[in-house]
Amino acid sequence: MPTEHLDSGTLSAVLAQLRRERGMTQYDLAARLRAVSGSGITREEVSRWERGKRIPGPYWRGWLGKVLDISEYKFERAAAIARALRRTDHD
């Protein structure tokens, strides 16, 4: 998924694509998030986000935007898509 089409993807797809485009591993992303936020985050949690097992909350979406240099709006939009898909799967 090219970066210009991020508005149409779920958060898991957007996050994985951005991380790979920036040449980061899940460990790298977790380490950068820890460094900028001062909070603990693990590679395992990044993996859960990328697999769609969890949706990062607003706190982490803000830091993800800073670390991956992308507008927080794109993460908010992707999270909304992911939540809508979850509701559809559970109906």
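Small disclaimer: the values here were computed from a predicted structure and weren't measured.
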Main-chain N/O of M24 paired to R19 side chain as donor or acceptor, under 3.5 Å: yes

Check against side-chain contact (heavy atoms from CB on, under 4.5 Å), I81 and L11: CA-CA 7 Å; I81 291 169; L11 190 119; over 6 Å; no

Separation of E76 CD from E72 CD (nearest 0.5 Å): 5.0 Å

From K66 atom NZ to S71 atom OG, the distance as rounded to the nearest 0.5 Å: 11.0 Å

Validation row: W60, W49 side chains within 4.5 angstrom (heavy atoms): yes

Row check, Y27 ring normal vs R43 NZ/CZ: under 6.0 Å, within 45°: yes

Donor-acceptor pair, side chain of R34 and main chain of I41, under 3.5 angstrom: yes

Pairwise side-chain contact, L85 with T10, heavy-atom cut-off 4.5 Å (strictly under): yes

Within-4.5 Å side-chain heavy-atom neighbours: L15 and L68: yes

R22 (side chain) donor-acceptor with Q17 (main chain) under 3.5 angstrom: no

Separation of L29 CG from E50 CD (nearest 0.5 Å): 7.0 Å

Beyond-backbone contact of V14 with K74, side-chain heavy atoms, under 4.5 angstrom: no

Student check: side-chain heavy atoms of L64 and I70 closer than 4.5 Å: no

Any side-chain heavy-atom pair of R86 and I55 under 4.5 Å: yes

Sub-4.5 Å side-chain heavy-atom contact between W63 and P56: no

Reported CD-to-NZ distance for the pair E44 and K53, which is rounded to 0.5 angstrom: 15.5 Å

Minimum heavy-atom distance G52-S12, with the two atoms named: N-CB, 3.7 Å

OG1 on T25 to CZ on R20, rounded to 0.5 Å: 12.5 Å

